[in-house]
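Numbering of ligands and ligand atoms starts at 1, following listing order. For clarity, every value in this text was computed on a predicted model and none was experimentally measured.
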Amino acid sequence: MTEPIRFLMCPPDHYDVDYVINPWMEGNIHKSSRDRAVEQWRKLHHVLKDHALVDLVNPEKGWPDMVFTANAGLVLGKNVVLSRFHHKERQGEEPHFKKWFEDQGYTVYELPKDLPFEGAGDALLDREGRWLWAGYGFRSELDSHPYLAKWLDIEVLSLRLIDERFYHLDTCFCPLAGGYLLYYPSAFDSYSNRLIEMRVAPEKRIAIEEADAVNFACNAVNVDDVVVMNKVSDSLKQRLKECGFQVVETPLTEFLKAGGAAKCLTLRVTEPVRVEVHSLVSVESRTIRFEGHLLDSGLINRALDLIVDNGGSFQVLNFHLGEQRQSTSSADVKVSAPDHEIMEEIMSQLIDLGALPPPQEICDVNTEPVTIPGVAPDDFYVTTIYPTEVRVHCEWVKVQNQRMDGAIAVNFTQDGPIAKCKLLRDLEIGDHVIVGVEGIRTIRKTESREQRNTQEFSFMGAGVSSERRVELVVEQIAWELRQIRDQGGKVVVTAGPVVIHTGGAEHLSRLIREGYVQALLGGNAIAVHDIEQAMMGTSLGVDMKRGVAVRGGHRHHLKVINTIRRYGNIAKAVEHGVFKTGVMYECVRSNVPFCLAGSIRDDGPLPDTEMDLIKAQQEYARLLQGADMILMLSSMLHSIGVGNMTPAGVKMVCVDINPAVVTKLSDRGSIESIGVVTDVGLFLSLLTKQLDKLTSPYHIAKT
Ligand code: ARG
């Protein structure tokens, strides 16, 4: 004969809502009626006694939530993992539950201090005993799961809770007999939902709606075909019936005020062990190190948030705080993730932030050979703009041609291993592409404390850029432009047609003429409208002097295109004196190389426009090589393209009237980028004025 089913309950003698530790308790302090609570508890007790044996643990004064025996611990066979409550409000329950378990002859396992786990509230056995579903996110730590697997010798499947109303797994998830599962999918993140769907066949999944979920329909006690719960909608009741279950409703509204219902008020203390199942856990942990102004720069916050936001968890093992203003800190962080895939995702993002692998850990990165030209192996590491190094033969090798969104190919030459960023389309047979995230680090330069705030003054912070703020940033940019020019450096401008429409052409022309620009990148439109203005005085048919649309002006730009086509290209038209001002004119006159990348919406195009986009990208990349500064003037498309090709360390100034564009571009997590939200015509005019004011240090040196 099989052992009878037993539950543990705790009479509500001292039950009350005394504090707030979950959203249900909010506004309910001392609002529950003791009498009604007692009556509701008794009814539940009575219902359960029809189907199982019920043991009682003595209620203790001062521990009002002790009625929720689900949180006493997690039982499997004769073993129990005792709860470690997250909130101090409940920690005092632990010794009382411990005593009860010991008195009953259970072997009690206790988790390390500060590793919360709230028992059967957050860990539910598949009713066939095949595995354990374990929740994390609010009350229980992911790092407790490997202990459960080890001590109870069972496979643990970790599920992440994301809706604080459903803070314990048993509030939104209820395995039922016959392999059924009653659950509220929205309470879980997408990985968890996928895991659930992988383990439970569609016909066995009973997904419920929010209306039932907030009545704690998932907080049900299941004994064979009976399901006991607070309240259920007719439709859910019907579905359960179709699956062979009989629902018994018993109101538990007084306990809902504390965030609990039927299942919370009980703990099943007989859980048969299946001898053939064994410990298995997919939780992974890794230790990484951070160095820098971890607190001042907010780096450590960003790193820790990123871990949690992606479904992982962390433990800070060592934190060494730099004490002087300029001294840096270091931290070793143990990162845990519910499975390998999530770990890789988290690690690749942490590497972007500058996480260092523990020294000497990995001798060689993992690589896989390219088998189809232009196609990387599945799990390839995606590059960032930051200087990257990879482990090859136990040495750090610097990656060449750093850029974003590439793969890293390692090749072995006579001079040793070479690692290079390559675009997918450039991968060749013979390349060994780095896969996974091990043995890779990015080098982030330690920003000085002071620089950080001053440089991050893109103007979005305040919402609107005050004029004075724009002036300040223009002063700084002018000074740097002058420096770069005088030192023979390289400034690349990417510009959109807005530069012309807003009257910026004359200023940009001047910058080119005076040697401040070494290459121009744009599309068909900027050249067309610039030449239109030079030839006809209009830009997109609008008279640039009077600001009004000219009759028939919308055809002007087509005439311009036609004229340039007649001469063969822009340079030839300039040679023939077809137009004598403007941005393109100055480029030709000053031998400033330009590349116009085509797009689907181009009229014409101009003969100079490169409609083969792969060639255009290559030409952009070539012109960008060695740039000291990139001025991005109101062209989202070309500027983002340029941003992706450019390694960190190149100063980028992005000017756009649309804050979203500026944020996207200057948010490279590097201090070199500055965003300015303003009219680009205005910006350029301020910039040339400011340059006029500057005395060239070069000239001073000469006198
Ligand atoms: N007030 C209790 C808490 O917030 C309710 C516990 C409900 N128990 C459960 N297994 N869901 O901890």
Visitor: Using the six-membered ring wherever Trp is involved, compare the ring planes of Tyr106 and Phe101 and label them parallel, tilted or perpendicular (cut-offs 30° and 60°).
Guide: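 Tyr106 and Phe101: perpendicular rings.
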
Visitor: I'd like the residue list for ligand 1, meaning every protein residue with a non-hydrogen atom under 4.0 Å from the ligand.
Guide: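 Residues near ligand 1: Ile21, Asn22, Met25, Asp65, Phe68, Ala70, Asn71, Arg90, Gly121, Arg139, Tyr167, His168, Asp170, Thr171, Ala258, Gly259, Cys264.
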
Visitor: Parallel, tilted or perpendicular, judged at 30° and 60°: which one describes the rings of Trp133 and Trp131?
Guide: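 If you compare the ring of Trp133 with that of Trp131, the planes turn out perpendicular.
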
Visitor: Show me, pair by pair, the donor-acceptor contacts under 3.5 angstrom made by side chains of residues 346-353, not counting sequence neighbours?
Guide:
from, atom 1, to, atom 2, distance (Å)
Ser348, OG, Glu344, O, 3.4
Ser348, OG, Glu345, O, 3.1
Gln349, OE1, Asn310, ND2, 3.4
Gln349, NE2, Glu345, OE2, 2.7

Visitor: Please work out whether the ring planes of Phe166 and Phe216 are parallel, tilted or perpendicular, with thresholds of 30° and 60°.
Guide: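 The arrangement is tilted - the two ring planes meet at 30° to 60°.
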
Visitor: Might you work through the side chain to side chain donor-acceptor pair (under 3.5 Å) test for Glu210 and Ser186, ending with a clear yes or no?
Guide: CA-CA 8 Å; Glu210 187 177 12; Ser186 311; over 6 Å; no

Visitor: Are the side chain of Arg84 and the backbone of Pro112 linked by a donor-acceptor contact shorter than 3.5 Å?
Guide: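 Checked: pair present.
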
